[in-house]
Amino acid sequence: MPTSANIEDLLRRLSRANIFKDREKLRPDYLPENLPHRENQILRLAEILLSPIARGARPSNVFIYGYTGTGKTAVTKHVLKWLERKWGYNNTSTLETFLYSRSDVVRVITTIVNCRTENTNYRILRALLGVLGVEVPFTGLSVAELYDRFIEVLEKNESLFVVALDEIDQLIDKSGDELLYRLTRINSELTRSKVTIIGITNSLNLRDYLDPRVKSSLGEEELVFPPYNALELEDILKERAELAFQPGVLDPGVISLCASLAAREHGDARRALDLLRVAGEIAEREGAQKVTENHVKLALKDIEKDKTVEVIRTLPLHSKLVLISVYLLWKQGISASTGEVYDMYCRLVQRINLDPLTQRRVSDIISELDMIGLVQAKLMSKGRYGRTKYITLAIPEKAMLEGIKDDSRLSAFV
DNA sequence: CTTCCACAGGAACCAGCGGACC
DNA sequence: GGTCCGCTGGTTCCTGTGGAAG
């Protein structure tokens with residue numbers, strides 16, 4: 001329980017802290033001026049888009065692959081923005097740009113839609129119409145109606161519309177590839193305008209799910225983003241750290257530690273930045289003058305704990321009960337056998353008036369929990385006294401309690 | 001050497017459910 | 001609006017097994 005003295009103390013430390021200059025610069029949605037080690041991808045995407053525009057033609061559709069945190073979204077935004085800035089005509093809307101080529105004027109409009117938030121056909125069309133200045137109601141119209149309006153307003157605009165669909169796999173999971181199919185075919189319905197689609201995904205096998213027709217038209221050009229290695233991550237972090245932190249507050253080694261930790265997990269720049277930011281925040285809370293490697297280690301634990309809690313929270317009920325059984329036995333100092341865990345589990349289940357699963361199933365659940373690292377199960381043979389797994393809790397008690405605290409039935413057990 | 005414990009874990013099967021299809 | 005179908009998560013039944021005890 002925080003007392004007022006605690007809070008005073010915290011406030012005093014925070015006001016004294018002088019760690020961050022601008023922590024927003026470490027957020028994943030911040031778009032930096034420079035994208036180190038993505039020069040090739042930027043160039044390639046710019047080339048794909050620009051050279052046809054200069055000839056007055058429609059650029060090919062592009063499919064962009066790469067793991068999370070490899071800079072796909074940032075590069076796309078960067079290129080679209082660059083298009084505007086370089087050829088922008090001091091336009092009222094920042095999303096629109098005029099591009100002169102030879103004699104005729106081509107009007108280019110760009111947008112990027114995140115399919116995680118706009119994850120239905122309706123909502124995406126609605127977002128696209130919004131960019132073109134047409135407001136439609138949240139609901140009430142049919143998708144076909146929106147589509148018709150979309151065509152209509154596009155024709156009126158006489159423009160090239162470059163649409164980037166970020167996290168496109170989310171859309172396909174939820175609503176299939178019908179809209180995608182229509183969008184890739186839309187140019188045959190248009191005479192005075194053109195549409196170019198950029199599909200962005202981190203799912204490398206997404207192609208297998210796609211309608212082959214969508215696959216071929218969306219994949220006219222493909223761009224693959226390789227993961228960053230530790231050195232590249234270091235460059236990225238250095239640049240951001242300069243913007244985000246006060247000069248000299250980072251201990252030497254902090255950045256390279258963040259980079260190497262993140263590089264271990266498929267070179268995810270977002271994770272590296274998170275690590276650095278959380279380390280900074282921990283240092284700030286402590287009232288420290290500097291961010292040290294130790295802060296990074298604490299940050300790693302923090303981030304991992306959050307992940308663990310989330311994993312527990314989303315576990316099915318019976319898996320949670322098994323986990324709690326292991327926890328209770330562990331608290332009594334018992335490294336429990338499968339049989340003991342099963343007994344404990346049966347008692348818990350009875351107390352909330354449910355039918356227990358069979359031991360066979362519980363044995364599988366234990367293996368699953370072992371696999372995701374919540375418990376540790378070691379197979380032991382006690383000769384005459386049988387063969388069993390010895391199961392212990394593999395996570396901090398705090399994370400365990402945090403993970404079950406919002407289910408009152410379960411939290412009553414601990 | 002044999003026995004036998006206390007399970008591990010494979011195989012087959014089944015209920016329920018969401019989605020595709022007519 | 002029925003039906004078919006594949007998937008998930010469960011059950012039943014079963015065989016396999018390392019090593020202390022006898």
Side-chain angles (χ1 to χ4, degrees), chain A residues 115-116 118-125 139 142-144 147 167-185 201 203-215 218 308 310-330 332-394 403-404 407 409-410 413:
Chain A
C115 301
R116 184 189 295 276
E118 318 292 330
N119 58 2
T120 65
N121 296 342
Y122 188 95
R123 293 174 72 168
I124 287 177
L125 279 171
T139 175
S142 71
V143 175
Y147 189 77
E167 304 193 56
I168 200 168
D169 41 310
Q170 299 285 324
L171 170 71
I172 288 162
D173 274 358
K174 183 111 190 282
S175 311
D177 54 11
E178 200 192 317
L179 178 70
L180 224 47
Y181 176 67
R182 297 204 68 176
L183 283 180
T184 52
R185 289 302 175 97
T201 179
S203 154
L204 299 183
N205 51 3
L206 179 70
R207 287 175 56 100
D208 305 342
Y209 299 114
L210 289 176
D211 187 306
R213 292 167 301 183
V214 176
K215 194 158 56 177
L218 193 57
T308 310
E310 197 45 40
V311 168
I312 296 174
R313 214 193 301 267
T314 53
L315 237 35
L317 178 63
H318 286 278
S319 302
K320 276 186 193 155
L321 285 163
V322 172
L323 183 63
I324 293 171
S325 308
V326 174
Y327 166 73
L328 290 173
L329 291 163
W330 170 84
Q332 295 168 31
I334 300 171
S335 167
S337 67
T338 305
E340 286 166 316
V341 171
Y342 186 65
D343 284 347
M344 176 64 85
Y345 159 81
C346 285
R347 264 185 278 158
L348 297 185
V349 167
Q350 267 171 23
R351 273 170 54 189
I352 54 177
N353 294 321
L354 288 173
D355 291 332
L357 302 176
T358 55
Q359 180 160 342
R360 177 71 189 84
R361 178 63 192 135
V362 169
S363 164
D364 272 346
I365 289 178
I366 290 171
S367 299
E368 287 163 26
L369 294 178
D370 184 24
M371 196 110 80
I372 55 181
L374 297 180
V375 306
Q376 201 179 48
K378 214 192 277 170
L379 191 58
M380 299 260 278
S381 184
K382 295 195 297 170
R384 183 80 236 230
Y385 302 106
R387 211 157 76 107
T388 183
K389 275 178 175 166
Y390 276 97
I391 305 138
T392 50
L393 201 65
I404 58 162
D407 191 327
R409 287 176 304 174
L410 301 182
F413 290 138

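None of the values given here were measured: they were computed from a predicted structure. Here is the naming used below: chain letters follow the sequence lines, and residue numbers restart at 1 for every chain.
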Are any non-hydrogen side-chain atoms of A/L315 and A/I372 less than 4.5 angstrom apart?
-> yes

Quick one: side chains of residues 316-324 of chain A, donor-acceptor pairs under 3.5 Å with protein atoms, not counting sequence neighbours, listed by atom name and distance.
{"from": "A/H318", "atom 1": "ND1", "to": "A/Y345", "atom 2": "OH", "distance (Å)": "2.7"}
{"from": "A/K320", "atom 1": "NZ", "to": "A/R313", "atom 2": "O", "distance (Å)": "3.3"}

For the [atom1] atom of [X] and the [atom2] atom of [Y], what is their distance to the nearest 0.5 Å?
X      : Y      : atom1 : atom2 : value
A/R351 : A/C346 : CZ    : SG    : 13.5 Å
A/L379 : A/T388 : CG    : OG1   : 7.5 Å
A/L329 : A/M344 : CG    : CE    : 4.0 Å

Choosing from C/dG16, C/dG22, B/dG9, which nucleotide comes nearest the side chain of A/R384?
-> C/dG22

Take the protein atom [atom1] of [X] and the nucleotide atom [atom2] of [N], then report the distance between them rounded to whole Å.
X      : N      : atom1 : atom2 : result
A/R387 : C/dT15 : CZ    : P     : 17 Å
A/Y385 : C/dG19 : OH    : P     : 17 Å
A/D364 : C/dG10 : CG    : P     : 10 Å

Looking at DNA chain C, which of residues 370-381 of chain A put a heavy atom within less than 4.0 Å of it?
-> A/S381

Within the pair A/K382 and B/dC7, is there a side-chain N or O less than 4.0 Å away from OP1 or OP2?
-> no

Would you indicate whether A/Q376, at its atom CD, is surrounded by more than 12 heavy atoms from other residues, nucleotides or ligands within a distance under 6.0 Å?
-> no

Tell me which residues in residues 336-362 of chain A put a heavy atom below 4.0 Å from DNA chain B, sorted by number, or none.
-> A/S337, A/T338, A/G339, A/Q359, A/R360

Determine, stepwise, if the pair A/L328 / A/L348 fulfils side-chain contact (heavy atoms from CB on, under 4.5 Å).
-> CA-CA 11 Å; A/L328 290 173; A/L348 297 185; 4.1 Å; yes

Sequence-distant partners of A/R347, salt bridge (Lys or Arg N to Asp or Glu O under 4.0 Å), two or more places apart | none

Distances under 3.5 Å between nitrogen or oxygen atoms of protein and nucleotides 17-21 of chain B:
none

Considering residues at least two apart in sequence or located in another chain, which fulfil the side chain to side chain donor-acceptor pair (under 3.5 Å) criterion with A/Y147?
-> A/E189

A/C115 to A/I124 - nearest heavy-atom pair and separation | SG-CD1, 3.9 Å

If we ignore angles and hydrogens, is there a donor and acceptor under 3.5 Å between the side chains of A/S367 and A/K389?
-> yes

